[in-house]
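In the text below, chain A, chain B and the rest are named by the order of the sequence lines, each starting its count at 1.
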Number of protein chains: 2
Amino acid sequence: MAQDKLKIVPLGGLGEFGMNCMAIRWQDDIIVIDAGLMFPEEELLGVDIVVPDISYLTENREKVRAILLTHGHEDHIGGLPWILSELNVPVYGTEFTLAYVEGKLEEHRLLDDADLNEMIPGKRLTLGPFSIMPIRVTHSLVDCVALAIHTPVGVVLHTGDFKIDLSPPDNKPFDLHAFAELGKQGVLLLLQDSTNVDRNGYTPSERAVRPKLDEIFSQTKKKLFFSCFSSSIHRIRLAMELAHEHGRKVAIIGRSLDNSTEIAQDLGYLDVPQGLVINPGQIRDFPANKLLIMISGTQGEPMSALSRAAVNNHKFAHIDADDTVLLSSRVIPGNEKSIYRMIDHLERRDAKVIHDDGQSGLIHVSGHGSQEELRLMINLVRPKFFVPVHGDYRHLKRHAELAGSMGVVEKTILLEDGDVLELDKGSATKTGKVTVGRVCIDSGGTSTDVVEDIVIRDRKHLSEDGIVLPIIAINKRTGLLENPPEIVMRGMAIPEEGLIAEARQVVQRTLEGSSSEEKADYGVIKEKIRNDLKRYIQKSTSRRPLIMPVILEI
Amino acid sequence: MAQDKLKIVPLGGLGEFGMNCMAIRWQDDIIVIDAGLMFPEEELLGVDIVVPDISYLTENREKVRAILLTHGHEDHIGGLPWILSELNVPVYGTEFTLAYVEGKLEEHRLLDDADLNEMIPGKRLTLGPFSIMPIRVTHSLVDCVALAIHTPVGVVLHTGDFKIDLSPPDNKPFDLHAFAELGKQGVLLLLQDSTNVDRNGYTPSERAVRPKLDEIFSQTKKKLFFSCFSSSIHRIRLAMELAHEHGRKVAIIGRSLDNSTEIAQDLGYLDVPQGLVINPGQIRDFPANKLLIMISGTQGEPMSALSRAAVNNHKFAHIDADDTVLLSSRVIPGNEKSIYRMIDHLERRDAKVIHDDGQSGLIHVSGHGSQEELRLMINLVRPKFFVPVHGDYRHLKRHAELAGSMGVVEKTILLEDGDVLELDKGSATKTGKVTVGRVCIDSGGTSTDVVEDIVIRDRKHLSEDGIVLPIIAINKRTGLLENPPEIVMRGMAIPEEGLIAEARQVVQRTLEGSSSEEKADYGVIKEKIRNDLKRYIQKSTSRRPLIMPVILEI
């Protein structure tokens, strides 16, 4: 292997959406950009999250200098607890990104041992042979950066996730000048976000949703429920501003939303007027037309606050006739069924549901740049070589075609996870393959028993940890159990008889404690059964088998 | 129960998409409109199709006069084999619809005993107290009708699925005059298709896709693969016309597509020039730019011809670099992942993939009327009462709102499956509930062993038929089996040891006989395992257990 070559080694995110992770190596020094997770496809039953296989890093553990984070989304930081527990190296991120990381590591009791370092946009840092300049970019989240990595053979620019928002709500604009300056000096390689390569034109500014949201606030006569991704700080800020202007108090429901809001407030991204926010318990003290209820669960996640409110099973969030529910988010492909099931429940309560159906006006904008923004970036930095990142194969391919057709770039290279790209000042060549893959993690559902959350479900040990299938036959007409639940266990390597009988009772109790609406929603009921059974089995056997509820309609 | 009331009893399709079925009753006479199936949600593992519970019909079996079919789509006729095997009553449908029905009943060996009767648009038929006029409507399929049912209390008009296509490719136009005439005479109740109630304006004509398709034919320099729903006769006709004009031979790959084309040709809906169609085996005899390959599998169904071709595992369909694959269809919600997985495979072969991504021009149009067409129908027939049919709850609700806001209808009523609506000349009242529900059927996958295809998987008998879970641990890096497959069986009520060992071998052989691309596609590999194991278990035990492959990545 040539010693005077820079190596680019994508470990995740090139060939899939999510689990972004890339190694950059010069001789005996490696830095890593991002450490993301991915949510599993349905085929991977019983798996909660998926993270990249980092064999390449652990096999070179003495060479890894740091992990650099571009921003705080799960697909960029969510794999950190797992990676740090394998390889505890220094982590660099902006102030806001680190606040998210701290929460996450604390949950996994990894914070005390972690070496977290703040990265300030515009301020260089040096790691071995690399000198890194973080550059402010705009995205749906705040405090995001691209990374200009000065290496012995030239500058490698990684955009992170970005759009070019010329009027971000936090007035911290995209740093056009820094990119222009880089373009003047010369960029060897541009690694650019491919997410929206299929979209023409420009992505609208975050501010562009204000008029429509303002209109909805004006027209709502009863309670207004507002749901967005919990990390959409701009959106949360906007909703709070509008609530203030329209004389509504704000109640926040949902742990992740609560957490995000708190961090954003601490770091000055939210300026919340005194008395605006009330506790969920105070909702009953205010008239319906004086309330904005910010609630998590845009994707119809079975156990989210909004899904539970939709079947009238939330302590504080009660959705009544003529209330408005605004989903200020997109429908993530694959989530249609759970989202529409939730919307149907809401409609049955005669709530007015506004979601991104293409006809509701601009209630959501993407955080990723469209084609013209991708072209603008390429024109600004004029890279010699170009590699698209973040996307399924077809996005990467389309993006390489887009870049190649501009007459600016000398060569575009299509990489997938595990490919090794070797660079010097004049050449870029795909040379080999390293081990990559996906590691499945069963995080313990919504359990707050976080110590063991980090336990990796190494599926090789299926025969030790085993598998449990609660099989529930529900009579569709009556919603009642047809037979006692069947429990199939395999490979638990412990006496199973008593356990099965008790597990059966656990499932039965869960069913008895669920409303008929919950029971009609298989997503919800399966998640409840899974959580209760997992808790019981862990307590009584200290094992963490794969639990896969199966519901049979009769 | 009032004897002088007409009763409308929806048994399926009101509150869900699919399994359309509705009973209309006057005293001791019942007619049934449509007998559809639904494809199951993912929660119902191991279930192939879902049909409506017809207890209401079987409990009144001596009263049921006939089943009337509006058109030949699966969500309107797919439940027939099951319903007829429970309740063998006369079936009425148009010529084309009956051709589909015949094929279906023959597969299930029910054709000999079936009483099929042709319905001719514009020609009345009498069934007990009902006099029924079928009226020609337009849709994505040919030979579709609405049904004007003259009853003792007035006319009930059921639209079936429709759009108002003013220039259908078969020149058999929507019968505006018949609806206008009905409007003059007076309609008591309109039951109208809600599918596209969320869309503004008018749905374009089927002919509207011609210009864009023509352009694609012009620009394609290599093989052109064309995929559409197999029942889209208009689309198939258009593709054949264009192939003829552009000097391409047509090969048809896929059983359902083959079957549809044959029926359409027999009944004069396709006028195929001599020598245009070649056998798939002849593909190799023609240059790439002289070939149109019509291939089934628009939704990325794991075992479809196109999915197999995408991983280079089809005997006749070989997709090479610069071939074009045109998916002239929509992405059905829930199928995104399998479709995009297939597209990624196609892109890896450097095929040009054109699909309905909102930026490919008009390569597909819907078969259902949009808001203006729904309004036009309401204005034409001016019903006293209005009930929306075919849709999730939110569609029905939106449709009732749309109709109610027009000032034409006296009363709109929102019904769900099982609700009973009682009507006389002056009133329409929801009065009660009958038993409804969903029945899950395991049809035996792609097996052609059709006799037993009709066996209903009564899930109450899980303990007799049992459940089999082949659990396969695949090493993601190598694509190899990590351990011998685990087989979990439960409730088979027969000695299991030898069976398990052999089942393990069956799975292993399936895996060995699969390409690495197939193994990387869990949808494909699970379907293969399921089919092979099902065949083996049925042969050796005569049982039909639920088979649920589980794949674990390591």
query = Checking B/Asp350 against chain A: side chain, backbone, both or neither under 4.5 Å from a heavy atom?
reply = both
ask   = Less than 4.0 Å between a side-chain N and a carboxylate O, is that true for B/Asp392 and A/Arg341?
value = no
request  = Taking B/Arg330 for its side chain and B/Asp356 for its backbone only, find out whether a donor-acceptor pair lies under 3.5 Å.
outcome  = no
inquiry  = For the interface with chain A, which of B/Asn200, B/Leu346, B/Leu414 has the highest count of heavy-atom pairs at distances below 4.5 Å?
reply    = B/Asn200
query = Are A/Arg348 and A/Asp344 close enough that some pair of their side-chain heavy atoms sits under 4.5 Å apart?
reply = yes
task = Begin with the C-alpha distance, continue with both residues' side-chain angles, and end with the deciding distance and a verdict on side-chain hydrogen bond (donor to acceptor under 3.5 Å, both in side chains) for B/Ser360 and B/Asp357.
result = CA-CA 6 Å; B/Ser360 297; B/Asp357 58 0; 2.8 Å; yes
ask   = For the candidates A/Glu336, A/Arg199, A/His395, which exhibits the highest count of non-hydrogen atom pairs separated by less than 4.5 Å from chain B?
value = A/Glu336
